[in-house]
Amino acid sequence: MLQIYNSLTRQLEEFQPLYKDYVTFYNCGPTVYDFFHIGNARNFITFDNIRRYLIYRGYKVKFIQNITDIEDKIIRKAREEKVPVENITEKYTRYFFDYRNKLGILPADYHPRATEMIPFMIEMIKGLIEKGFAYEKGGDVLFSVAAFKDYGKLSGKKIEDLREGDRKKVKKEKEAAQDFVLWKSYKPGEPYWESPWGKGRPGWHLECSAMSMKYLGETIDIHGGGTDLQFPHHENEIAQSEAYTGKPFVKYWLHNGFLIIDGEKMSKSLGNFFMIKDVLDNYSPQTIRFFMCMSHYRKPLEYRKGILTNAQKGFNHIKDCYQFLKEHFSQTESPPFILCDELLHYQYLLPSELENFFKQLFAYKDEYESAMDEDFNFPQAVGALFNITKFLNTHLREDNVSHLPQKAAYGYALLDKLAGILGLGDPDYEKGTSKDDKTMDDIMEILLSTRQQLRKNKEFALADSIRDRLEKSGITIKDFPDKTTWSR
RNA sequence: GGCGGCGUGGCCAAGUGGUAAGGCAGGGGUUUGCAAAACCCUUAAUCAGCGGUUCGAAUCCGCUCGCCGCCUCCA
């Protein structure tokens, strides 16, 4: 049974989507005015892991993530660089997709842009005014928080408790300090759209409601985001959506914890952030994803010097195990994904002589699933992965193992499948087909066989120097009694 | 001021009623021409503090201390 911690009810709940095995899933996406940092990456990766696990559990998942391409910070940046707004948003949208891909995060089923939703957002605003939830003042349209009785149900805040005195400036147009803007009136030099209230642009909160409703329906199963979005962003989404439709907006609210640096939240405004593009210069995507699995997704995760090196070593265990297993594959073995299907869905196809082996393997698979079933406990799931690698490493190295190639292949298939949910699948899996890789393989084959000859002749000094020099070029080679392997 | 969260071995981190997973680091070993990898053994926490509930608590309740987040754009 899959249990999810729901921020709305503040408790663990059994996951039951609205429509049996179909899940509608929305995650708040980036505002495209800069590269994204490793803190943003935590959000993207967390919800990618969750999405992949739901798919693994047999759900059909429709996943939508917005691109905010009209917003104050974008306008400011465009002004600073003296370029049109579109230059900024196109550039950083492209970078967002690029680095998302590099991190192995699945694309959403659709990434709507805020600017393409404007007609629908205007529809919503009209509806909200008609129903008495919003009012127009001097070209702005504001949502009246007082009109929505459930306001505060997600964040647990009471309107009267909020410190309005501390708010930088309460706009004069507002009837109440907590009212938030649905439509912003035009100021000279800003992009604008025509509306019944004059030229202007939509308020930030509205786009998520609009996209969620348009692409996933009036009530959706899961809405994710960083914990800082809980208030006011998600609170406002609930208010405007439920006021508009009269129906519940989201069944399960999920919020990921922050990345902490030097004891503080990593954020753009504090200036203590690391861009993912820079981190990727020194660490692999799998290392970064392993790091994200080192803590429960709802808890804070400390990013500090050396922590990624630690993560790298952790992932190396899994990576080395892939390599070890692949060395024992028989050429006639089916591809891993077919073997994995047999393992998970067509168990009657499995060779009966491997029964004990599968029994062990399934015990660890169950351990992994139990961990993930309890609110996606990544650290515990990784523990189960280590149990699998240890089992395979030990068992398959015993003397006279029966059916070694088959066991290696099935073991590989399962490990790659389960680890892959967390973005820790075999990094080599997709490589090896391009021409460059083929050439590289040939060169290494020549080099290593020559070196093998040197070792046979006990010319160790030269053989070792080849190894050292390759290491400096980022290629690690390992000598075994019967063979030598290499990896990048 | 209001609301919420956190405090587990040297470090990271699971565990939320029956006497502490796992990873990294450290020590020893098997293996190896050496190195790496792998495996085995091992060092190390009474779970922030105090009090309470219970046959029994890291795990429930209360208080104290410390840290953090939200209340303003922010994953």
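The sequence lines fix the lettering, A, B, ..., with proteins before strands; numbering per chain opens at 1.
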Name the nucleic acid region contacted by Gly156(A), choosing base, sugar-phosphate or nothing; use a 4.0 angstrom heavy-atom cut-off, strictly under.
sugar-phosphate
Check for me: is Phe480(A) stacked on A37(B) by the 5.5 Å centroid and 30° plane-angle rule?
no
Once you apply a heavy-atom cut-off of 4.0 Å, does Phe386(A) come out as touching a base, just sugar-phosphate, or nothing?
sugar-phosphate
Specify the separation, in whole Å, of atom CD of Glu327(A) and atom C1' of A38(B).
12 Å
For a quick check of understanding: with a heavy-atom distance under 4.0 Å over all strands, which category does Ser267(A) fall into, base, sugar-phosphate or nothing?
base
Phe362(A) and Tyr368(A) aromatic centres sub-6.0 Å:
no
Would you please confirm or rule out a distance under 4.0 Å between OP1 or OP2 of A14(B) and any side-chain N or O of Ser295(A)?
yes
Residues within residues 316-323 of chain A bordering RNA chain B, heavy-atom distance below 4.0 Å
His317(A), Asp320(A)
Does a side-chain N or O from Asn393(A) land closer than 4.0 Å to OP1 or OP2 of C39(B), or not?
yes
Less than 4.0 Å between a side-chain N and a carboxylate O, is that true for Lys73(A) and Glu80(A)?
no
Between Asn66(A) (side chain only) and Glu207(A) (backbone N and O only), is there a donor and an acceptor less than 3.5 Å apart?
no
Under a 3.5 Å cutoff on both atom distances, Watson-Crick or G-U, what's the dot-bracket for RNA chain B ([ ] crossing, | other strand)?
((((((((.[[[..)..(...]]].(((((.......))))).....[[[[[..)....]]]]])))))))....
Short N/O separations, protein against nucleotides 25-27 of chain B, under 3.5 angstrom:
residue	atom	partner	partner atom	Å
A25(B)	OP1	Lys313(A)	NZ	3.3

Which of G7(B), A35(B), G23(B) is nearest the side chain of Arg467(A)? It is A35(B)
Go through the structure and list residues passing side-chain hydrogen bond (donor to acceptor under 3.5 Å, both in side chains) with Lys277(A), not counting sequence neighbours.
none
Locate the shortest heavy-atom distance separating Phe148(A) from Ile238(A); write the atom from each residue and the value.
CZ-O, 4.1 Å
To the nearest Å, how far apart are Arg100(A) CZ and A75(B) P?
17 Å
Which residues in residues 62-74 of chain A have at least one heavy atom lying under 4.0 Å from any atom of RNA chain B?
Glu71(A), Lys73(A)
NA contact type, Lys458(A), heavy-atom cut-off 4.0 Å: base, sugar-phosphate, or nothing?
nothing
What is the nucleic acid contact for Arg10(A), judged by heavy atoms within less than 4.0 Å: base, sugar-phosphate only, or nothing?
sugar-phosphate
Nearest atoms (heavy-atom pairs only) where His205(A) meets Glu237(A):
O-CG, 3.9 Å
Quick one: on RNA chain B, does Ile477(A) or Glu367(A) contact a more 5' nucleotide (nearest heavy atom)?
Glu367(A)
Whole Å only: how far is the CZ atom of Phe315(A) from the C1' atom of A13(B)?
19 Å
Would you check if Ile276(A) and Ile288(A) make a side-chain contact, meaning some heavy-atom pair closer than 4.5 Å?
yes
Looking at residues at least two apart in the chain, or sitting in another chain, which of them share a ring-ring contact (aromatic ring centres under 6.0 Å, His included) with Tyr215(A)?
Tyr110(A)
Length of the line joining Met292(A):CE and A13(B):P, which is rounded to integer Å:
14 Å
Looking at the base of G33(B), is there any donor atom on it, or on the side chain of Arg455(A), that sits under 3.5 Å from an acceptor on the other one?
yes
Between protein and nucleic acid, restricted to nucleotides 67-70 of chain B and to nitrogen or oxygen atoms under 3.5 Å apart, what atom pairs and distances do you find?
residue	atom	partner	partner atom	Å
C70(B)	OP1	Lys265(A)	NZ	2.4
C70(B)	O2	Lys157(A)	NZ	2.8

Could you list the residues that satisfy salt bridge (Lys or Arg N to Asp or Glu O under 4.0 Å) with Arg298(A), not counting sequence neighbours?
Asp375(A)
Looking at Ala463(A) and Arg451(A), what are the two nearest heavy atoms and their distance?
O-NE, 2.8 Å
Looking only at side chains, do Ser155(A) and Gln230(A) share a donor and an acceptor under 3.5 Å apart?
no
Whole-Å distance between A36(B) P and Asp464(A) CG?
12 Å
hbond_proxy Asn387(A) side chain to G22(B) base (donor-acceptor, 3.5 Å cutoff):
no
Do Tyr53(A) and Asp373(A) have side-chain N/O donor and acceptor atoms under 3.5 Å apart?
yes
Hey, what are the protein-to-nucleotides 59-62 of chain B N/O distances that come in under 3.5 Å?
none

Any Lys456(A) side-chain N or O less than 4.0 Å from OP1/OP2 of G33(B):
no
Looking at Asp426(A) and Lys326(A), is there a salt bridge between them, counting it only when a charged N and a carboxylate O are closer than 4.0 Å?
yes
Parallel under 30°, tilted from 30 to 60°, perpendicular over 60°: which one fits the rings of Tyr252(A) and Phe15(A)?
tilted
Nearest whole angstrom, please: distance from the P of A75(B) to the CD1 of Ile105(A).
14 Å
Quick check on contacts: within residues 369-383 of chain A, what sits under 4.0 Å from RNA chain B by heavy-atom distance?
Glu374(A), Asn377(A), Pro379(A), Gln380(A)
Shortest non-hydrogen pair, Cys293(A) vs Leu422(A), comes out as SG-CB, 4.0 Å
Where the side chain of Arg397(A) meets the backbone of Asn393(A), is there a donor-acceptor pair that is under 3.5 Å apart?
yes
Nearest-angstrom distance, C1' atom, G26(B) to C12(B):
16 Å
For Gly224(A), which contact category applies under a 4.0 Å heavy-atom criterion: base, sugar-phosphate, or nothing?
nothing
Ion pair check, Arg455(A) and Asp479(A), cut-off under 4.0 Å
yes
Hey, does Tyr151(A) have a side-chain heavy atom less than 4.5 Å from the side chain of Asn236(A)?
yes
Decide yes or no for Val250(A) and Tyr26(A): does some side-chain heavy atom of the first lie under 4.5 Å from some side-chain heavy atom of the second?
no
When rounded to whole Å, the CG to P distance for the pair Asp479(A) and A38(B) reads 16 Å
Please classify the nucleic acid contact of His296(A) as base, sugar-phosphate, or nothing, using heavy-atom distances under 4.0 Å.
sugar-phosphate
Less than 3.5 Å apart, any donor N or O on the side chain of His328(A) or Lys407(A) sitting next to an acceptor on the other?
no
Please tabulate, one pair per line, each protein N/O and nucleotide N/O from nucleotides 10-12 of chain B that are separated by under 3.5 Å, including the distance.
residue	atom	partner	partner atom	Å
C11(B)	O3'	Arg304(A)	NH1	3.4
C12(B)	OP1	Arg304(A)	NH1	3.3

Do the side-chain N and O atoms of Ser370(A) and Glu374(A) include a donor-acceptor pair separated by under 3.5 angstrom?
no
Just one of Lys417(A), Arg51(A), Glu369(A) clears the side chain to side chain donor-acceptor pair (under 3.5 Å) bar with Tyr56(A), so which one?
Glu369(A)
How would you label the contact of Ser155(A) with the nucleic acid (heavy atoms, under 4.0 Å): base, sugar-phosphate, or nothing?
sugar-phosphate
Which protein N or O atoms sit under 3.5 Å from an N or O of nucleotides 28-31 of chain B?
none

Are any non-hydrogen side-chain atoms of Trp486(A) and Leu470(A) less than 4.5 angstrom apart?
no
